[in-house]
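Reviewing the structure listed below.
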Amino acid sequence: MAEVLVYVDHVDGAVRKPTLELLTLARRVGEPVAVALGSGAEATAATLAEHGAVKVLTADAPEFADYLVVPKVDALQAAYEAVSPAAVLVPSSAEGKEIAARLAVRIKSGIITDAVDLEAGDEGPVATQAAFAASYTTKSRVSSGTPVITVKPNSAAVEAAPAAGAVEALAVTFSEKATGTKVVARTPRESTGRPELTEAAIVVSGGRGVNGAENFSIIENLADSLGAAVGASRAAVDAGWYPHSNQVGQTGKSVSPQLYIASGISGAIQHRAGMQTSKTIVAINKDAEAPIFDLVDYGVVGDLFEVVPQLTEEVKSRKG
């Protein structure tokens, strides 16, 4: 069976959930070969093997931490040349898409971004995407070169499938451009204790109807009762009620959780583009004609200031 390269997203050896999802998808089209780079790369091996990696290629060098993306592209290209894979899978984060695009240009291959599913085809992997603000679903395959595919978080359930996970050192020669852009400072993100927005299984978002930054505690309380991430519409972010890092939409982040709860959000196309692939969508809005209701699985016509606190208390009582 052909091998499939999987780029590993990890933090000091702790593998992030989207990578484990990629391993699940990779097993549908071949044998997963993981590529782990930077500090803690070798520490990822046990987790990767547990989830199906037949081999783990590792490399560590100061360049991976000190410079932007190009050293990682150099390493992924080295892995590609060593393995000759049937496909290359990369998490669909901002950095992941840049790495994938640069690699595709180098190896003269086609690229598919933001896939939400992957299956084997007679002429190579077939990727499912949501198009035109998720109004349509398309199936695509790369017709030239080795497919480079980025996959959105929460596109597949994580499945354990123990494999050998043999660790091999990856020899990387950095290009001249690898040190062109240096990271001069880092500021740790303040932890909220909530899941990462793009990876969360449940997202609770607030919009213009929240009517002020001081009222976002209502959204946060519901999110915390569900163990969810907090999102916001562009209207709420532009008004300064919530950080841009939490914006869901075409100019923010795309999410695809199992459950998405939209409170006080009208459902403008810009917002829908970022959450329409969610598995189950619930909307709470006092305007029965709001466009969001054309999209949802369940809708509540009511004042969020009455509905959301009641929902929070109900969730707490059932959990308690």
Side-chain angles (χ1 to χ4, degrees), residues 11 14 16-18 20-21 152-159 188-237 239-249 252-267 271-272 274-288 290-320:
V11 180
R16 299 180 68 175
K17 181 170 169 276
L20 304 182
E21 296 171 8
K152 293 180 69 171
N154 291 315
S155 294
V158 174
E159 298 174 1
R189 185 191 310 176
E190 185 176 341
S191 175
T192 63
R194 301 186 184 100
E196 166 62 32
L197 180 59
T198 57
E199 300 175 17
I202 304 174
V203 174
V204 181
S205 288
R208 192 189 305 274
V210 176
N211 201 30
E214 67 279 5
N215 297 327
F216 251 88
S217 59
I218 297 173
I219 305 299
E220 292 176 331
N221 290 339
L222 176 57
D224 291 341
S225 72
L226 292 166
V230 175
S233 71
R234 186 173 69 178
V237 169
W241 300 345
Y242 223 67
H244 180 268
S245 58
N246 293 75
Q247 182 182 332
V248 174
K253 293 181 177 178
S254 293
V255 299
S256 188
Q258 296 297 314
L259 172 63
Y260 187 88
I261 302 176
S263 301
I265 296 175
S266 64
H271 186 76
R272 293 170 62 159
M275 46 66 74
Q276 200 160 348
T277 56
S278 303
K279 309 305 183 290
T280 301
I281 302 171
V282 178
I284 302 166
N285 199 302
K286 62 183 180 182
D287 178 7
I292 192 74
F293 287 123
D294 295 334
L295 172 68
V296 302
D297 298 286
Y298 302 96
V300 179
V301 179
D303 189 336
L304 72 87
F305 293 101
E306 297 177 4
V307 175
V308 174
Q310 290 182 51
L311 178 56
T312 302
E313 289 306 312
E314 181 66 20
V315 171
K316 289 181 177 178
S317 67
R318 294 196 180 193
K319 291 176 70 175

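Atom CG of Leu311 sits about 11.5 Å away from atom CG of Asn221, to the nearest 0.5 Å. Between Ile265 atom CD1 and Arg272 atom CZ the span is 12.5 Å, to the nearest 0.5 Å.
Looking at every heavy atom in both residues, Pro153 comes nearest to Thr198 through CB-O, 3.1 Å.
In terms of the side chain to side chain contact (heavy atoms under 4.5 Å, CB included) criterion, residue partners of Ile218 (sequence neighbours excluded) are, by chain and number, Phe305, Val308, Pro309. Every side chain to side chain contact (heavy atoms under 4.5 Å, CB included) that Val296 has, sequence neighbours left out, goes to Ile281, Ala283, Ile292, Phe293. Qualifying salt bridge (Lys or Arg N to Asp or Glu O under 4.0 Å) partners for Glu159, counting only residues two or more places apart in sequence or in other chains: Arg27. Partners of Glu314 under the salt bridge (Lys or Arg N to Asp or Glu O under 4.0 Å) rule, at least two apart in sequence or in another chain, are Arg318. Applying the side chain to side chain contact (heavy atoms under 4.5 Å, CB included) test to Lys279 and every residue at least two apart in sequence or in another chain returns Ser256, Gln258.
At a threshold of 4.5 Å between non-hydrogen side-chain atoms, the residues Glu199 and Pro18 count as touching. Side-chain contact check for Ile261 versus Leu259: some heavy-atom pair is nearer than 4.5 Å. Between Pro257 and Ile202, every side-chain heavy-atom pair lies at or beyond the 4.5 Å cut-off. Contact annotation: the side chain of Arg16 approaches that of Glu196 to within less than 4.5 Å [non-hydrogen atoms, C-beta and beyond].
Evaluation of the salt bridge (charged side-chain N to carboxylate O under 4.0 Å, His left out) test over residues 299-313, restricted to residues two or more places apart or in two chains, returns none.
Of the possible donor and acceptor atoms, none in the side chain of Asp287 sits under 3.5 Å from a partner among the backbone N and O of Ser266. Side chain of Glu21 to main chain of Val158: no donor-acceptor pair is present (N/O by atom type, distance under 3.5 Å, no hydrogens or angles).
Around atom NZ of Lys286, no more than 12 heavy atoms belonging to other residues, nucleotides or ligands sit under 6.0 Å away. Summarising the local packing, CZ of Arg208 is surrounded by 12 or fewer heavy atoms from other residues, nucleotides or ligands at distances under 6.0 Å.
Ring geometry for Phe216 versus Tyr242: interplanar angle under 30°, hence parallel rather than tilted (30 to 60°).
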